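Worksheet for the structure shown next.
Quick caveat: nothing in here was measured; it's all calculated off a predicted structure. Whatever order the structure lists them in is the order used to number ligands and atoms, beginning at 1.
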Amino acid sequence: MKTFAAELAYFFRGQARKNIKILTFYCSFLTLLVMTYAALFRFLMWELEGRDYSFITGIYWTITAMSTLGYGDITFSSDPGFLFSAIVTLSGVVFMLILLPFGMISLFLAPWIEQRLRYRATMALPAETSGHILIFGFDSVTRTLTRHLQNRRTPFVIVSPDHEQAIALEEEGLQVVYGTPTDAKALRGARVEAAGHIIANLSDPENTNLCLTARSLCDTPIATLVNEPEHQDLLRLAGADQSIPLKNILGHYLASRATTRGALAHVLDSFGSLQIAEIPVQGTPFVGQTLAQAQVRQRTGLAVIGLWERGRFTTPQADTILSPKALMVLAGTAEQLKALEKVTGEEESEDRILILGHGRIGCAAASFLERRSVPFILIDCQSNPDCLDHVAVIGDATSPKVLRESGIQEAKGLIVTTNDDSTNIFLTLASRHINPDIRIVARANREENVEQLYAAGADFVVSNASVGANILSNIIEGKESIFLTEGINVFRRDLPPELIGKSIQDSRIRPRSGCSIVALERDDDQDPLVVPPPETILAKGMGLILIGSPEQEQVFSRTFRH
Ligand code: ADP
Ligand code: ZN
């Protein structure tokens, strides 16, 4: 039954769906034609022969004539009548017996047979396949991951137990193996032993099963996402090399961006000794100063490589004013970040955060704030049976009364964490309306909604998909730490040979790709050159650490192809 439904579903997708419209249009035309003939038939019979037939008889006569069946039980007996009958029969031949079957075959039957023949899901990869990333479980996180992998030209294969999904993904041009992820045969078909990495993104029990099966076959490294942080150890026991409690990480990340306390120098990424960190401007002595006045570089050696404000990433100039709502993105060494902590000194004390939603992410955000002694209030429409640590206000956060009674007017920060993006957008908009100064950090479940959350008034949006995908790409590339931001990447490339000996200015990297150089890695053991001046000469063996949007990263790869 399921397969029949699946076959039927074909006719409601893509081109077939458009063709159904054409068919409906054509059938309406035929019906109208039959009706017209039936009416004419009645009229002519009465006028020419003086016989009175009902409309139903008219339809019956028209259909027998058009289909060339011609029972002959009702006939005209005059020349004009014969002429009419001939016209009806001829148009029947054209519209009913030729065009209709032709349309049915060319619009539906032929494409359907073709797709049946063309798409037989792959069950096994060619024997020479190796170094590919195997992805189990395709959702928004792994979809974003595939985009990263495509950008970096890393081959990947998705294993899917769902025939429909396998076909749909293959239609998109992705490489898919059709099979049950926990089945050794399917794993062998996906050449698990030759794969570069395994990404397990199923439910916790399925991931465990997958790890055990894969371990019985090979030593390929496995990275798995876990729902329950308590399952991390079990997954490691089952053979996973990394287990990532994504929701916990997201909760911490949201919380660290919502408070100014203890959020100092949140390290995002590192390339050797170079670290990329971010810190809210609020709570530092830099609020309201220009970048030149703040003297971050002179006082700490750190370079301010970017500013985040309301979802916009900008490269600051000397006269850019540091607004309390912004986050500074800094590049430098661990010692320099420590020096910064000394400069920023005392943290702001008055801070109160509202957390909407006490699911796993909301709970993780609450724990983060608790550890930093930031007062917070949790609001959820139901109590969380898995959490014994927090007491939430029970109420629907979409009600302005609940928000007001929880103190949204006085709160400094708001973390919006429900699992429904429409609710999150609504909550962001409503809260921004009540308290224009509050710092709003929101969770986006789908990447498409990031923009809308910013439009609704969020200061920072964190999407599950891009955070998850960033963590996984970093693991695949063998990096320890995590770069977590929306729409901006810091990435490393070997110096393209064509640029050797040129100065940064002459390399025209920024005009040609939009990416900026954050730092230059030197091959000897020296510290990287952070934000090098334009006249710096690019020498053989250097590594480029660049910053840019994912699109700019793509342009860079295309422009400076080896
Ligand atoms: P996750 O574990 O990914 O955080 P959950 O579905 O467990 O996701 O968490 C979402 C939480 O948000 C749930 O506890 C749910 O009760 C809560 N929630 C959803 N809508 C509202 C709302 N309008 N008001 C308050 N809480 C809400
Ligand atoms: Zn909790």
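The CG atom of L234 lies 12.0 Å from the CG atom of N207; values are rounded to the nearest 0.5 Å.
Between I379 and ligand 1, no N or O atom pair is found at a separation short of 3.5 Å. Of the polar atoms of A397, at least one N or O is found under 3.5 Å from an N or O of ligand 1, judged by distance alone. Considering backbone and side-chain atoms together, D396 places an N or O closer than 3.5 Å to an N or O of ligand 1. At a 3.5 angstrom cut-off on N or O pairs, T418 does not count as close to ligand 1. The shortest N or O to N or O distance between K247 and ligand 1 is under 3.5 Å. Between I361 and ligand 1, at least one N/O pair is under 3.5 Å apart.
Heavy-atom distances between N384 and ligand 1 stay at or above 4.0 Å for every pair. Ligand 1 has G395 within reach: a non-hydrogen atom of the residue lies less than 4.0 Å from it.
Side-chain contact, D420 with T423: a donor N or O sits under 3.5 Å from an acceptor N or O. Between the side chains of S160 and D162, not a single donor N or O lies within less than 3.5 Å of an accepting N or O.
The Zn ion (ligand 2) lies at the vertex of an angle of 110° between the SG atom of C363 and the ND1 atom of H390 (rounded to 10°).
Within 6.0 Å of CG in D219 there are 12 or fewer heavy atoms belonging to other residues, nucleotides or ligands. No more than 12 heavy atoms of other residues, nucleotides or ligands lie within 6.0 Å of CZ in R446, so this atom counts as exposed by the packing criterion.
For atom 26 (N) of ligand 1, the closest non-hydrogen atom of the protein is C381 N, 3.3 Å. The protein atom (non-hydrogen) at minimum distance from atom 9 (O) of ligand 1 is G359 CA, 3.2 Å. The shortest contact between atom 11 (C) of ligand 1 and any protein heavy atom is with D380 OD2, 3.6 Å. The closest protein non-hydrogen atom to atom 2 (O) of ligand 1 is R360 N, 2.9 Å.
The ligand atoms of ligand 1 that sit less than 4.0 angstrom from a heavy atom of G357 are 12 (O).
Side chains of S473 and L149 form no contact here, defined as non-hydrogen atoms less than 4.5 Å apart.
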